2 protein chains.
Amino acid sequence: MLQLARCDQQAIDLAKAKRVQKWQRDPEGMRLRILEAAKQEFATHGLAGARVDRIAANAGANKRMLYYHVGNKEDLYLAVLEGAYEKIRSEERGLDLEHLDPPEAIERLIDFTWNYFLRNPEFLALLNTENLAKARHLKRSTKVKSMHSPFVEMIRTVVTRGVESGDFRVAVDPVQLYISIAALCFFYLSNSATLSVIFGRDLLKKEARDERLAHMVALVLAALTGKSTADFAKPATPGVRPPAHQPV
Amino acid sequence: MLQLARCDQQAIDLAKAKRVQKWQRDPEGMRLRILEAAKQEFATHGLAGARVDRIAANAGANKRMLYYHVGNKEDLYLAVLEGAYEKIRSEERGLDLEHLDPPEAIERLIDFTWNYFLRNPEFLALLNTENLAKARHLKRSTKVKSMHSPFVEMIRTVVTRGVESGDFRVAVDPVQLYISIAALCFFYLSNSATLSVIFGRDLLKKEARDERLAHMVALVLAALTGKSTADFAKPATPGVRPPAHQPV
DNA sequence: CGGGAAATTAACCTGTTGGATAAATACTGG
DNA sequence: CCAGTATTTATCCAACAGGTTAATTTCCCG
């Protein structure tokens, strides 16, 4: 079933052998494929909507393998969630804001958050699913709780530097600012489906995405620096404006 | 089963009658109770996680009644979703921003959005559920698509007035601004469960909520007016700051 | 007051789903 | 090369969940 190509290859190589090998062992690979399939499944259908059989099928595995390598449905879900947090934390650590001008650092931060969410839509869906469950699984995960994001401290440093240098007018609370930046990016992308229907236009197309990023950067920087960017003044599509907008 | 109290009353009143009435007819009431129970169920468990039997039980109804009065599970869900949009649109229309100073109007708008989400947590959950479904149901609902929110036009007017009066420095795109305001409120509340675990503190307690509202108002107004509010400068809990924060 | 429509109940049916059992097959160390 | 263990497959199952059928009860109107 799995890795047929390799099996076929072996079939040729070992044509004289008594019998063709039906499958190969690959515990680590199997585990990875299971977790990847599970991530997609949970992100697409949520926890309750996810189907164990579908995960197995998409992993190219027998259903029994899920229970053998990871555990039951909830174990699987938690493993996926932990993996998702691990991944973003890892990428966050790669972001170096120390050597940048404070305004540039904030822009970089927004840019990273935005693009990470764009590149990893499953992460958004998983967080929503976990919040529907009132973080029931996260609470039990010492693993995730110990994965501190470097962003809040990064922001604290940047804001302090910005105030000292005169770039920023105010020492905003780094936790609030981080939540706000995440919020601006997260909501737009996570709710793009309903928002697109309500507004009657595709909020995920290139131009819309660019416009959104510019707006977010301009909004936050204007608040911090007191100076308004050119982008912040520019309305959506100058001249060509849809007759009626309907939010939320 | 339903309205036992009234049945008991009748049992006393009509003691001489041949037999006690087992139940009363109440189509409208029944429909409302079904939709209310369905709303809670879908908000708590999502579409896939919702249980038709539980909805019936919580509505004090026989399961057959759901199908008789509304339809199957998906019909039920769509009815709930449409009801949710109807409700928020109705309250939105009650908000009069025309006679307020532009900055005051924006503050009022944020305040309303924040408190509406606080008072109606099911609305947040329903939107998330619908977005998980890629707005599949919303797309088929001409009802919702015709329910235009008055907010974008309100914002457009307020922003124009603000720029003319000199209160605002820039003519921000009303659609972007509306999404941003919704985002700041929505994300914080919708993700409060995971965020609370990650940050190790209750983001829904009174002080945290007040602090958040102040931050959002300050952020948006600072960006629009160019003047910073006192609130915006004040860090979270002066002096008493948790050692490590971890965003997202 | 009685007959018929509307509303409600009780019981049932069938496909699905998470999970379990046990047998088969591949690999590894001796 | 063989024995024992790790990995994988095939099959089964009991509980559940959405939905349906048919009988029962209430109410309204002529």
Side-chain angles (χ1 to χ4, degrees), chain A residues 1-4 6-7 9-11 13-14 17-34 37-38 41-42 45-80, chain B residues 1-4 6-7 9-11 13-14 17-35 37-38 41-42 44-80:
Chain A
M1 179 67 80
L2 56 107
Q3 291 167 331
L4 284 178
R6 236 163 122 190
C7 283
Q9 189 55 45
Q10 291 196 334
D13 291 340
L14 310 174
K18 287 173 192 167
R19 52 185 305 139
V20 177
Q21 304 222 358
K22 292 208 194 112
W23 43 268
Q24 270 191 306
R25 289 187 178 185
D26 181 17
E28 300 87 4
M30 175 68 92
R31 185 163 206 277
L32 288 179
R33 273 178 297 133
I34 288 172
E41 181 71 13
F42 287 122
H45 302 281
L47 178 52
R51 292 294 164 257
V52 169
D53 297 84
R54 230 160 20 205
I55 293 173
N58 289 331
N62 184 286
K63 186 167 52 158
R64 180 69 178 78
M65 291 293 88
L66 313 191
Y67 296 90
Y68 183 78
H69 287 287
V70 188
N72 65 19
K73 194 182 178 182
E74 292 228 328
D75 295 336
L76 212 45
Y77 168 77
L78 183 56
V80 165
Chain B
M1 180 65 79
L2 56 107
Q3 290 166 330
L4 283 178
R6 237 163 120 191
C7 282
Q9 190 56 42
Q10 290 197 337
D13 291 340
L14 309 174
K18 288 171 192 167
R19 53 185 307 138
V20 177
Q21 304 222 359
K22 294 211 195 108
W23 43 269
Q24 271 190 300
R25 289 188 178 184
D26 182 17
E28 300 87 3
M30 176 68 92
R31 198 185 140 88
L32 289 180
R33 272 177 297 134
I34 288 171
L35 289 178
E41 180 71 13
F42 287 123
T44 310
H45 302 281
L47 178 51
R51 293 293 165 259
V52 168
D53 297 82
R54 233 164 13 207
I55 294 173
N58 289 331
N62 185 287
K63 185 167 53 159
R64 180 69 178 78
M65 290 293 89
L66 313 191
Y67 297 89
Y68 183 75
H69 287 288
V70 187
N72 64 21
K73 193 181 179 183
E74 292 228 329
D75 295 336
L76 213 45
Y77 168 76
L78 183 56
V80 165

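These numbers come from a predicted model, not from an experiment. We name chains A, B, ... by the order of the sequence lines, and we start the count at 1 in each one.
- In this structure, CD on A/Glu28 lies 9.0 Å from NE2 on A/His69, to the nearest 0.5 angstrom.
- The interatomic distance linking B/Tyr68 (OH) with D/dG19 (C1') rounds to 17 Å, in whole Å.
- In this structure, CE of B/Met65 is placed 14 Å from P of D/dT20, rounded to the nearest angstrom.
- Looking at heavy-atom distances under 4.0 Å, B/Ala48 makes no contact with the nucleic acid at all.
- No hydrogens or angles were tested; on distance alone, nothing pairs the side chain of B/Arg51 with the base of D/dA17 as donor and acceptor under 3.5 Å.
- Two residues are said to be in side-chain contact when any heavy atoms from C-beta on lie closer than 4.5 Å; A/Asn62 and A/Tyr68 fail this criterion.
- Using a 4.5 Å cut-off on side-chain heavy atoms (C-beta onward), A/Asp75 and A/Tyr67 make no contact.
- Taking 3.5 Å as the limit, the base of D/dG19 and the side chain of B/Lys63 contain a donor-acceptor pair of atoms between them.
- A heavy-atom distance below 4.5 Å is not found between the side chains of B/Leu78 and B/Glu74.
- Within the structure, every side-chain polar atom (N or O) of B/His69 is placed at least 4.0 Å from both OP1 and OP2 of C/dA6.
- A straight line from CG of A/Leu47 to C1' of C/dG18 spans 12 Å, rounded to a whole angstrom.
- Rounded to whole angstrom, the span from the CG atom of B/Leu76 across to the C1' atom of D/dA17 amounts to 14 Å.
- When heavy atoms are screened at a 4.0 angstrom cut-off, B/Ala56 is found touching no nucleic acid atom at all.
- Taking atom CD1 of B/Ile34 as the reference point, atom P of C/dT8 lies 8 Å away to the nearest angstrom.
- Picking from D/dA6, D/dG18, C/dG18 the nucleotide with the shortest atom distance to the side chain of A/Lys73 gives C/dG18.
- When the nucleotides C/dA22, C/dA7, C/dT9 are ranked by their closest atom to the side chain of A/Arg64, C/dA22 comes out on top.
- Side-chain proximity of B/Tyr67 to D/dG19, D/dT9, D/dC27: nearest is D/dG19.
- Taking atom CG on A/Asn62 and atom P on C/dT25, their separation rounds to 14 Å, with Å as the unit.
- Between A/Leu66 atom CG and C/dG18 atom C1' there is a gap of 11 Å when expressed in whole angstrom units.
- When distances are taken from the side chain of A/Trp23 to each of C/dA10, D/dT7, C/dA6, the shortest belongs to D/dT7.
- Although no hydrogens or angles enter the test, the distance criterion places no donor-acceptor pair under 3.5 Å between the side chain of A/Glu41 and the main chain of A/Val52.
- We find that CZ of A/Arg25 is positioned 10 Å from P of C/dA26, with the value rounded to whole Å.
- The side chain of B/Asp26 has C/dT8 as its nearest neighbour among D/dA17, C/dT8, C/dT25.
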